[in-house]
Asks: 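Got a structure for you, written out below as structure tokens; questions coming shortly.
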Amino acid sequence: MSANQPIKNPSVAIVGATGAVGIELIGCLERRKFPLSKLRLFASPRSAGKTLAFRGSKIVVEALDENSFKGIDIALFSAGGETSRKFGPIAVKAGAVVVDNSSAFRMDKDVPLVIPEINGRRIAEHKGIIGNPNCAAITAIVPLWPIHRKNRIRRLILSTYQSASGAGAAAMEELRESTRAYLDDRPFENRALPHPYAFNLFSHNTKVDPETGYNDEETKVIRETKKIFEDPDIAVSATCVRVPVLRAHCVSVTFECEHPIAPADVRALLSDAPGVRIVDDWERNYFPMPKDASGQDDVLVGRIRRDLSDPGGHSISLFTAADQLLKGAALNAVQIAEQLVG
Ligand code: A2P
């Protein structure tokens, strides 16, 4: 099948359907009335036989294996990098287009890495796999794109406040349980995450590169921003931190443009930007919060102000929040799939 051909009435598979993102993928397909002929749900053998609701009926979850992709046109993967690396190519060989939420293929030259509001046109160039970007990168850069297009961002510094959902359903449960234990003064042994999570925060739970001192999450944000913006020369630095919030990420962003820029320019550029909502009430001190970002589709942006450390007037600071499970993962993947069906 040609990559440019719309896939009409596809048969769709979700790999990792029982996970935190998988459940939201099912919800997005239903809510957005995705035009599919059949939906099949896959997870590990532990979940085989469970049922999940879709459009008023119950679908039985199947254990994923090498034969799962026969007759599947679009496969939405969110079961971790190892599962994607093993089963992604098998799905492609069976004729499916894979939209992969893991980091397994994101930096491959032949894999478009897509945020539809930014580079949706790249979807048509796929060779079987399309990458769904890192959730912290999505939360930061959706609102930066309209600015970058008009007045190139040459330097970008990000600090993230990342929720439990990015580490999966087990981490969300660990946050709930450890918070209860902390309040009841009971001991709690953390399992999903490396440090106590209740009433604490810690540097992102990925490996630190001994050469650069950046952890894997930070490296992903840096590399993926350059790839998605198609601008290898943009200078990016990131500090990624896990905070005790259930499901929405926040990012503090400071950027420097080629030409002078004022907060009013940023507000004007973002006022009708797709996927972006300005929440910037200085009088009420009301700005993007995980509570407001959760369960909705937009990236919220506020605290739009001049970066006073740059007297030249080229730099702006702002703050963003987005639902990690929706725009940071499931929604973005379903938006990509919507373009595949034309
Ligand atoms: P299961 O629920 O059976 O373990 P999360 O990101 O919330 O941790 O979810 C991970 C998802 O990936 C779950 O649906 C999980 O299924 C699924 N998964 C994990 N390992 C595999 C595997 N080897 N094959 C298929 N699905 C897997």
Side-chain angles (χ1 to χ4, degrees), residues 12-30 39-54 58-70 72 74-94 96 98-106 129 131-136 138-139 162-178 190-194 197 204-206 216-217 220 240 242 244-249 294-295 323-334:
V12 175
I14 296 177
V15 177
T18 52
V21 174
I23 298 290
E24 298 296 334
L25 283 166
I26 298 170
C28 284
L29 292 175
E30 175 150 353
L39 179 62
R40 288 178 66 193
L41 304 178
F42 297 99
S44 81
R46 292 181 290 275
S47 301
K50 274 188 188 169
T51 58
L52 293 169
F54 179 67
K58 287 187 168 167
I59 301 183
V60 178
V61 176
E62 303 170 66
L64 182 70
D65 66 31
E66 278 80 357
N67 302 312
S68 296
F69 300 100
K70 201 161 171 272
I72 297 294
I74 297 176
L76 307 174
F77 272 67
S78 194
E82 214 179 297
T83 303
S84 291
R85 265 186 291 276
K86 178 167 175 198
F87 289 97
I90 293 173
V92 173
K93 209 163 170 205
V98 170
V99 182
D100 184 30
N101 194 48
S102 84
S103 61
F105 308 108
R106 285 182 192 148
I129 300 178
N132 205 44
N134 171 277
C135 46
I138 293 176
T139 306
Q162 296 183 231
S163 58
S165 57
M172 294 173 82
E173 195 46 34
E174 183 151 305
L175 177 56
R176 288 191 192 95
E177 277 183 34
S178 62
N190 42 291
R191 293 173 298 268
L193 289 165
Y197 204 2
H204 194 275
N205 49 296
T206 43
D216 273 353
E217 184 81 352
K220 284 177 201 171
C240 290
R242 192 71 80 183
V245 163
L246 270 178
R247 63 175 286 167
H249 288 354
S294 293
D323 189 321
Q324 185 276 328
L325 294 173
L326 290 175
K327 187 56 191 165
L331 171 64
N332 198 74
V334 170

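Quick caveat, the model's predicted, so the values are computed rather than measured. Every number for a ligand or one of its atoms is a count from 1 in the order of the listing.
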Asks: For Glu174 and Tyr197, indicate whether the former's side chain and the latter's backbone hold a donor-acceptor pair under 3.5 Å.
Replies: no
Asks: List every atom of ligand 1 that sits less than 4.0 Å from any heavy atom of Ser47, numbering the atoms from 1 in the order shown and giving each element.
Replies: 1 (P), 2 (O), 3 (O)
Asks: Of the backbone atoms (N, CA, C, O) and the side-chain heavy atoms from C-beta on, which set of Thr18 has a member under 4.0 Å from an atom of ligand 1: side chain, backbone, both, or neither?
Replies: both
Asks: Pick whichever of Gly19, Gly16, Ala43 has a heavy atom sitting closest to atom 25 (C) of ligand 1.
Replies: Ala43
Asks: Run the numbers for me: atoms of ligand 1, each under 4.0 Å from some heavy atom of Ala79, listed by number.
Replies: 12 (O), 17 (C), 18 (N), 26 (N), 27 (C)
Asks: Compute the minimum heavy-atom distance from Val21 to ligand 1 and say whether it is under 4.0 Å.
Replies: no
Asks: Verify whether one side chain among Ser165 and Gln324 offers a donor that lies under 3.5 Å from an acceptor in the other.
Replies: yes
Asks: Name the residue from Ile23, Val60, Ile59 that meets the side chain to side chain contact (heavy atoms under 4.5 Å, CB included) definition with Leu52.
Replies: Ile23
Asks: Considering heavy atoms of the protein only, find what lies nearest to atom 27 (C) of ligand 1 and give residue, atom and distance to 0.1 Å.
Replies: Ser44 N, 3.7 Å
Asks: Identify, by atom number and element, the atoms of ligand 1 in contact range of Ala17, meaning under 4.0 Å from any of its heavy atoms.
Replies: 14 (O)
Asks: Has Arg40 got a side-chain atom pairing as donor or acceptor with Ile14's backbone, closer than 3.5 angstrom?
Replies: no
Asks: Would you check whether Ala170 reaches within less than 4.0 Å of ligand 1, judged by its heavy atoms?
Replies: no
Asks: Can you list the ligand 1 atoms lying under 4.0 Å from a non-hydrogen atom of Ala169?
Replies: 5 (P), 7 (O), 8 (O)
Asks: Can we say Glu173 and Arg176 salt-bridge, meaning some charged N sits less than 4.0 Å from an Asp/Glu carboxylate O?
Replies: yes
Asks: Looking at Thr206 and Glu217, would you say the former's side chain and the latter's main chain have a donor-acceptor pair under 3.5 Å?
Replies: yes
Asks: Parallel, tilted or perpendicular for Phe87 and Phe69, by the 30°/60° rule?
Replies: tilted
Asks: Out of all atoms in ligand 1, which are within 4.0 Å of some heavy atom of Gly168? Include the element for each.
Replies: 5 (P), 6 (O), 7 (O), 8 (O)
Asks: Check each atom of ligand 1 against the heavy atoms of Thr83 and keep those under 4.0 Å away; list them by number with element.
Replies: 21 (C), 22 (C), 23 (N)
Asks: Counting only N and O atoms by type, is there a donor-acceptor contact under 3.5 Å from the side chain of Arg106 to the main-chain atoms of Asn101?
Replies: yes
Asks: Among all protein non-hydrogen atoms, which one is nearest to atom 4 (O) of ligand 1, and what is the separation to 0.1 Å?
Replies: Arg46 NH2, 2.8 Å
